[in-house]
Protein chains: 2
Amino acid sequence: MISYKREKLIETARQLFYQYGFHAVGIDLILKKSGVAKKTLYNHFYSKDDLILAVLRRNDEHFRNHFVRSLENRGFSAKEKLLSIFDTTEEWFTSSQFHGCIFINAIAEYSDRSVPIHTVCKEYKRTIRDCIAGLAREANASDPNELADQLSLLLEGATVTEQVGAIRKSAERAREIAIILINRACSLS
Amino acid sequence: MISYKREKLIETARQLFYQYGFHAVGIDLILKKSGVAKKTLYNHFYSKDDLILAVLRRNDEHFRNHFVRSLENRGFSAKEKLLSIFDTTEEWFTSSQFHGCIFINAIAEYSDRSVPIHTVCKEYKRTIRDCIAGLAREANASDPNELADQLSLLLEGATVTEQVGAIRKSAERAREIAIILINRACSLS
DNA sequence: TATAGAGTAGACCGATTTGTATAATTTTAT
DNA sequence: ATAAAATTATACAAATCGGTCTACTCTATA
């Protein structure tokens, strides 16, 4: 028995927070856009921060599923999968309504490392890195952890650069650098 | 004839915006922390957004001065200067009260590309890239613009990764990748 | 048919938001 | 020294903030 109102709230809030920011978007706007009553919101969530947490966790699930699935479909070898990360990323960039990484955006507004919103974002980033490290291990990289950290750095850099919009073709650029790093780390295999 | 009150407001606002975000920090808090009267603020600035713009422009000046000066002092050859970017960056990361790049943080809260706050941030990023491109040209890189874009991407990636805090030693990592890219681009000289 | 759970609309709360207005006081320049 | 400018403290406005609460409606199931 899932609640459609709850889903509707999360999805509406996600879109608004992603585009306009977390502090900039008020509860009332979310209610108006979703067509849900205020009481219902506070029936499902303790507070606005709790709703934000739900949005981030939902985004985590969706994004990670999308991430992993696209890796499965795209590459055959682990090395190809590592590279295809940047193809998936490029598709993300060119999709409509791209406003960077919502977790990065959230951390920009919640810098206090002790608040749950911050830690959830940090954990997500760690999970993605570990996912990449698994692929690097599969690809027999000499130092899979280091390669994962490197590719993560490229990913973040491309995402933020694309968000700013002052420099173009970030995903392609990150991909090219990734080729160099992957070949370097997997030269033995 | 510079206004001390104006300077005080900008610096106080800079600290608060940088740590807590732009929407999260209200005018009243800035006034309280700076010890300046509200009328004085609106005598110097049209609005809160105008104050934010002043903060960003001030940050632009300071950061760019610091950036260029540290490059002058550190490296001797253009190639060394390019690399020393990441030493300067590492110092920045380890300084107290690091909360990422204020321009990136601002863009996260003001995604609308038509608002001045967004464009000022974008222009800043472009200026830094062009500064790096100048060094790359000095270093006789085969494609100085491409090298500048690559190093900018590394810089952004390291900054955001450090801000999140899930992966350590981002500046050193970016530096190591930079060595590879610089040597590749300047192999002829 | 009766009941319980979930949702709705909207009033209401106190606090806070950006920004204006007023009047007294201090600083500055000539 | 005097006039002008700048700054002060504070009250005020209108809107919005997150959140609580009441009263009413709808629907599913026992």
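The figures here come from the full heavy-atom set of this structure, side chains too, leaving out hydrogens, waters and symmetry mates. The chains referred to below are lettered A, B, ... by the order of the sequence lines, with proteins before strands, and numbering in each begins at 1.
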Please give, in whole Å, the distance from [N] [atom2] to [X] [atom1]?
| X | N | atom1 | atom2 | result |
| --- | --- | --- | --- | --- |
| B:Ile30 | C:dT17 | CD1 | P | 10 Å |
| B:Leu31 | C:dT20 | CG | P | 14 Å |
| B:Leu16 | C:dT17 | CG | P | 12 Å |

Heavy-atom protein contacts under 4.0 Å, nucleotides 3-17 of chain D, coded B base, S sugar-phosphate only, - none: ----SBB-------S

ring-ring contact (aromatic ring centres under 6.0 Å, His included) partners of B:Tyr124, counting only residues at least two apart: B:Phe103

For A:Glu123, salt bridge (charged side-chain N to carboxylate O under 4.0 Å, His left out) partners two or more places apart: none

For B:Glu146, salt bridge (charged side-chain N to carboxylate O under 4.0 Å, His left out) partners two or more places apart: A:Arg173

Listed once per pair and sorted, the ring pair (Phe, Tyr, Trp, His ring centres under 6.0 Å) pairs that draw on residues 36-72 of chain B, sequence neighbours left out: B:Phe63-B:Trp92

N-O pairing of A:Arg175 and A:Glu90 below 4.0 Å: no

Sequence-distant partners of A:Gln15, side-chain hydrogen bond (donor to acceptor under 3.5 Å, both in side chains), two or more places apart: A:Glu11

Pairing residues for B:Glu172 by the side-chain hydrogen bond (donor to acceptor under 3.5 Å, both in side chains) criterion, not counting sequence neighbours: none

End-to-end axis angle, where each axis spans five pairs of the helix from C:dT1-D:dA30 to C:dT30-D:dA1, to 10°: 20°

Residues in side chain to side chain contact (heavy atoms under 4.5 Å, CB included) contact with B:Gln163, at least two apart in sequence or another chain: A:Ile107, A:Ala108, B:Phe98, B:Asn105

